[in-house]
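These notes are about the structure you will find just below.
Atoms within a ligand are numbered from 1 in the order they appear, just like the ligands themselves.
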Amino acid sequence: MVEARRASTRWATRVIPFVLAGFVGFASYVVVKRICLDFFLDRQQQSGTAVAFLVVYSVFLFLALVSYARVWAEIQRHPGAVPLGPNALNQRKPKKKGRRKSRAHREDDIEAKAYDSRPDSNPDSPGLEAFYSRDVFVCKEDGLPRWCSTCCNWKPDRAHHCSELERCVLKMDHFCPWVGGIVGETSFKFFIQFTFYAAIYWAVVIIAAAYGLSSSINSGAGVDGFFIAALAIGAFFELFTFTMTGTAVRYICINLTNVDYLKSKVVVHYLALRVPRGTPPGHNYGVVTYPLQELSASAPSPQLSGQTITDEHPASARDQLAKRTFAIIKTEMGENPWDLGPYRNWKSIMGSNIIDWLLPFNPSPCSDGGNSESLYELGPLYPKLRARYNLPDISDEATVISSGDEMKEKKKPRQEEEDQTGTNDDTQASLE
Ligand SMILES: [Zn+2]
């Protein structure tokens, strides 16, 4: 379980469910007891109206509660936090036993500055292989993946650092104390299902209270203050849940998270796209070859961009084969490499059929750890980028297969490329 850094946030996430339960309890009392049973059934003798409201109310209350429980549990159990790097782990260990006062945090922050938060200079840096074993990954101008200096880890594609949790989170969307923590890759689907059912639930409360109120006035029974209170509470929550649902549906359809969206118009992504081994730099792109030779920790080697890294140490033929070369390219401002089109974007998060869309059981398909091409499925921009930069095709990559004592160079068959997927998935599994 990953807890919020600030005590006030931790308490808010614990208290809010009880506050919500209080409002839902009050709404249930007004709709079920006062409106349906006391007013429509007993006073007005309108059993049809009473039963209709009771059924619709119960169904959407149930769906809202189930999806709330699901998003809450997912956020506690699988928040999608990226494992900390060794330096950050060592730094944070004593904290668990330590005090949790704000003063203690300030002291920790000062201590934190003392440890080495620079990008890991080890070519075998933990987690690095998970990037270059795929054909495409997000990088910086120098061809290295993005580094989080707080978590001391390489940031997976599309992950962002959450300052509330002090952790990097996969496809981080936003921190939401209403549902108990960070909404991201693992919980976004359940979050939107919850806001959707909650919006319908509060709409039912509003309709029941408004209809009860007008019937009550028309029948001469006067104005019931409880009906008005339920109407006001319903309107308040409807505003939030309806807006949240609308916003979330929009983000799904354009395949952006809340965090992505803030910079979506001006963002430029640097991507490492695999090219045949030993491909020289182009006139508009640099190349980088992995596994890296020794890196300079203080400043990323200028060799990395614009030039091929040359291997100064003699290596075996097999070591040579393990090398993978990537072109470092950048997108135009505002381009989204993961935009698959609205329907496929929707399916990548909500699932492939209507049962998945409506019920909070199966996780999002996009959280499956990706494939040998990339961590998240790439949209039509990917082939366009390869064409734009005139990158050579990776299917031309040659590989050497051992045949007795002899090493032969041979074009890689399709099947072998697929076999690699297993290895890559294992590497990814160690990430999450
Ligand atoms: Zn981080």
Side-chain angles (χ1 to χ4, degrees), residues 1-6 9-10 13 74-96 98 100 104-122 125-132 137-177 180-188 256-263 267 269-272 295 297 300 338 366-367 369-370 375-376 427-432:
M1 185 173 166
V2 183
E3 284 202 303
R5 187 170 53 94
R6 285 184 301 187
T9 313
R10 286 199 301 275
T13 53
E74 196 67 23
I75 285 172
Q76 307 311 311
R77 285 162 50 218
H78 308 116
V82 179
L84 295 169
N87 276 354
L89 270 178
N90 291 338
Q91 170 63 21
R92 294 186 192 190
K93 250 179 206 163
K95 235 178 177 178
K96 285 189 175 169
R100 280 200 157 141
H105 277 299
R106 279 203 295 277
E107 283 166 9
D108 287 341
D109 286 346
I110 293 163
E111 286 165 21
K113 290 196 176 94
Y115 74 95
D116 193 351
S117 59
R118 292 172 297 178
D120 193 350
S121 60
N122 178 2
S125 172
L128 196 53
E129 195 181 355
F131 291 85
Y132 67 80
F137 61 89
V138 178
C139 62
K140 295 180 295 150
E141 283 178 273
D142 58 13
L144 288 173
R146 298 169 307 146
W147 176 260
C148 176
S149 56
T150 310
C151 302
C152 298
N153 59 17
W154 301 105
K155 276 181 174 176
D157 298 0
R158 308 194 70 181
H160 295 288
H161 183 79
C162 172
S163 54
E164 201 62 65
L165 296 180
E166 285 290 288
R167 291 290 291 269
C168 285
V169 175
L170 295 169
K171 274 183 85 180
M172 173 187 160
D173 196 84
H174 68 293
F175 188 88
C176 180
I182 189 75
V183 178
E185 176 184 284
T186 54
S187 54
F188 193 67
L256 292 176
T257 65
N258 216 323
V259 179
D260 295 334
Y261 184 74
L262 298 174
K263 289 183 182 169
V267 73
H269 298 282
Y270 281 89
L271 298 173
L295 277 168
W338 301 280
C366 70
S367 60
L375 179 53
Y376 298 104
T427 323
Q428 177 55 26
S430 65
L431 253 181
E432 175 51 356

*So, does Arg158 use its side chain to make a donor-acceptor pair with the main chain of Lys171 at under 3.5 Å?*
no
*asked:* Return the SG to CG distance between Cys148 and Leu84, rounded to the nearest 0.5 Å.
replied: 9.0 Å
_Just verifying a value: how many Å separate Cys139 SG and Leu271 CG, rounded to the nearest 0.5 Å?_
6.5 Å
*Just by distance, do the side chain of Arg167 and the backbone of Val82 share a donor-acceptor pair under 3.5 Å?*
yes
*Pull up every protein N/O/S atom sitting under 2.8 Å from the Zn ion (ligand 1), skipping waters.*
Cys148 SG, Cys151 SG, His161 ND1, Cys168 SG
_Looking at Asp157 and Phe137, would you say the former's side chain and the latter's main chain have a donor-acceptor pair under 3.5 Å?_
no
_Gap between atom OH of Tyr261 and atom CG of Asp173 - 0.5 Å precision_ = 13.0 Å
